[in-house]
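For reference, the structure is listed below as structure tokens.
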Amino acid sequence: LFLLCVCVMVSADGVDCFYGDSVGVTNWLPVCAGTYTVITNTHAGSTWITDDRVPSSIPAGSKILITNTAGTDVIIFSGVNAGSQSIDILNNHSGLLTWDGVSNWVVDIYVANSALGTATGQSPSDAIDVSTLNTWAGVVPGQHIHFVGLINTALTIGGSGAVNRPITMLWEPGARFTAGVWPGGSGLGAIAASSKSWITFDGQGVGIIENTNNGTTLSNQVQRAGIELTECSHITIQNLIITNMYIRNNNTDFNRFGIGVDFTGGSYNLVLGCNFSMAETLLSYSISFAEVCTNLQIIQNNFSQSSHSL
């Protein structure tokens, strides 16, 4: 079913543009490099945007902004050739965005502890809240999730990426997961995932995960983890600062509390370029007696102030 979508284009003369092949497309306007094509869908149904040319003629640097105004909208990019490069798609999460045959689309959404501005997720000042992200509505393989500001709501990963299309979580400058003490127990932490794959956590050298009130002389003395991963594979954790999971400050405190990253099972996981400090165990990897796991890489990380680094 092909339903009407209304498109608005802002462009300058001479810009490299793709004008569509008119296969199943209604009211298609140009997609141009470096400018946004704004597609507003007001129908409770499917709207298809297609480019069936081989190779794809959508130019590098194209930007497409999807605005769904009906909660059941589905916008599907069909037959777009994987040769398209550097295409940026934004979706306001009031509907579902899917596609096929594409390995390198980038979908960006900005997330803060509480909703900001218009709460569309299209910019840091219009971020959605973590509670909305926890529903995992509209999150798709290839998505880039940008954290902004101080976040004190725990995040549970509700879906997986795909081969060549991981879901990437990025800490913007000033972004930090900070709580007095994060939720504890099986599968709980500041960030937790179970049986998920193809996820990248990238602190970009500035992102922080921390407790602030768990330690010898603080209000809490409990076991807590920064990132808790259970039977997850193809996970990358890089360029993060994970600290203060448990702050021990005297030699008579024998509590074995605090884990930076806690893997239980899983294969093909990478921890790269992170700074770990102040926990009983900074990086933990455990498997059951009968489990076979492979390809855990721990590369160029800094470990300090712990009983056990690994």
Please determine whether residues Ile259 and Leu296 belong to a single hydrophobic cluster, defined as Ile, Leu, Val, Met, Phe, Trp and Tyr linked transitively by side-chain heavy-atom distances below 4.5 Å.
no
Indicate yes or no for a side-chain donor-acceptor contact from Asn220 to the backbone of Asn213 under 3.5 Å, with no hydrogens or angles considered.
yes
Go through the steps for Asn244 and Asn211 under the test side chain to side chain donor-acceptor pair (under 3.5 Å), then give the verdict.
CA-CA 5 Å; Asn244 294 341; Asn211 286 323; over 6 Å; no
If hydrophobic clusters are built by linking Ile, Leu, Val, Met, Phe, Trp and Tyr wherever their side-chain heavy atoms come under 4.5 Å apart, do Ile208 and Ile247 end up in the same one?
no
Test side chain to side chain donor-acceptor pair (under 3.5 Å) on Glu210 and Thr178 and set out the steps.
CA-CA 5 Å; Glu210 64 181 349; Thr178 299; 2.9 Å; yes
Ser131 and Asp129: CA distance, side-chain angles, deciding distance, side chain to side chain donor-acceptor pair (under 3.5 Å) verdict:
CA-CA 5 Å; Ser131 296; Asp129 60 8; 4.7 Å; no
In Å, rounded to the nearest 0.5 Å, how long is the span from CG of Asn255 to CZ of Arg248?
7.0 Å
Output the distance between atom CD (Gln143) and atom CD1 (Ile109), rounded to the nearest 0.5 Å.
6.5 Å
Shortest non-hydrogen contact from Val261 toward Ile242
CG2-CD1, 3.6 Å
Given the rule that I, L, V, M, F, W and Y join up when any side-chain heavy atoms are under 4.5 Å apart, are Leu310 and Ile237 in one cluster?
yes
Could you state the interatomic distance from CG (Leu240) to CZ (Arg176), rounded to the nearest 0.5 Å?
12.0 Å
CG of Asn251: more than 12 outside heavy atoms within 6.0 angstrom?
no
Interatomic spacing from CE in Met245 to CZ in Phe276 - rounded to 0.5 Å:
10.5 Å
For residues Tyr110 and Asp126, determine if any side-chain heavy atom of one lies less than 4.5 Å from a side-chain heavy atom of the other.
no
Quick one: which of Asn239, Thr243, Asn302 gives a side-chain hydrogen bond (donor to acceptor under 3.5 Å, both in side chains) with Asn275?
Asn302
How close do Phe147 and Leu133 get, heavy atom to heavy atom, and via which atoms?
CE2-CD2, 4.0 Å
Can you confirm whether Thr216 sits close enough to Gln221 that some side-chain heavy atom of one is under 4.5 Å from a side-chain heavy atom of the other?
no
Let's go through Cys274 and Asn301 carefully: what are the C-alpha distance in whole Å and the side-chain angles of both, what is the deciding distance for side-chain contact (heavy atoms from CB on, under 4.5 Å) to 0.1 Å, and is it a yes or a no?
CA-CA 5 Å; Cys274 294; Asn301 300 280; 3.4 Å; yes
Measure the spacing between OG1 of Thr236 and CG of Asn269 and express it to the nearest 0.5 Å.
8.0 Å
ILVMFWY cluster, Tyr285 and Leu283 together (side-chain gap under 4.5 Å):
yes
Side-chain heavy atoms of Ile157 within contact of Trp136, under 4.5 Å
yes
Hey, is the main chain of Trp171 close enough, under 3.5 Å, to the side chain of Gln204 for a donor-acceptor pair?
yes
Indicate, with yes or no, if Ile241 and Phe201 share a hydrophobic cluster defined by side-chain heavy-atom contacts under 4.5 Å among Ile, Leu, Val, Met, Phe, Trp and Tyr.
no
Heavy atoms, side chains only, cut-off 4.5 Å: are Thr200 and Ile167 in contact?
no
In terms of ring plane angle, is the pair Trp182 and Phe177 parallel, tilted or perpendicular, where the classes change at 30° and 60°?
tilted
Any non-hydrogen side-chain atom of Val271 less than 4.5 Å from a side-chain atom of Ile299?
no
With a 4.5 Å heavy-atom cut-off, do Gln223 and Glu280 have their side chains touching?
no
Going through the checks in order, is the side chain to side chain donor-acceptor pair (under 3.5 Å) test met by Asp202 and Gln238?
CA-CA 5 Å; Asp202 189 350; Gln238 62 188 23; 3.0 Å; yes
At what distance, to the nearest 0.5 angstrom, does CG of Asn250 lie from OG1 of Thr217?
8.0 Å
Which atom of Gly189 lies closest to which atom of Ala192, heavy atoms considered:
N-CB, 4.2 Å
Give me the atom names and distance for the closest heavy-atom approach of Asp262 to Ala225.
CB-CB, 4.5 Å
State, to 0.1 Å, how close Leu229 and Ile235 come at their nearest heavy-atom pair, and which atoms those are.
CD1-CG2, 3.9 Å
Of the non-hydrogen atoms in Cys293 and Gly265, which two are nearest, and what is the gap between them?
SG-CA, 3.8 Å
Looking only at the side chains, is there a donor atom on one of Thr230 and Thr264 sitting less than 3.5 Å from an acceptor on the other?
no
Do Glu228 and Ser194 make a side-chain contact, defined as non-hydrogen atoms from C-beta onward lying under 4.5 Å apart?
no
Flag the pair Asn295 / Ser267 as yes when at least one side-chain heavy-atom distance between them is below 4.5 Å, and no otherwise.
no
Could you walk me through whether Gln300 and Leu272 pass the side-chain contact (heavy atoms from CB on, under 4.5 Å) check?
CA-CA 6 Å; Gln300 294 180 332; Leu272 171 66; 4.3 Å; yes
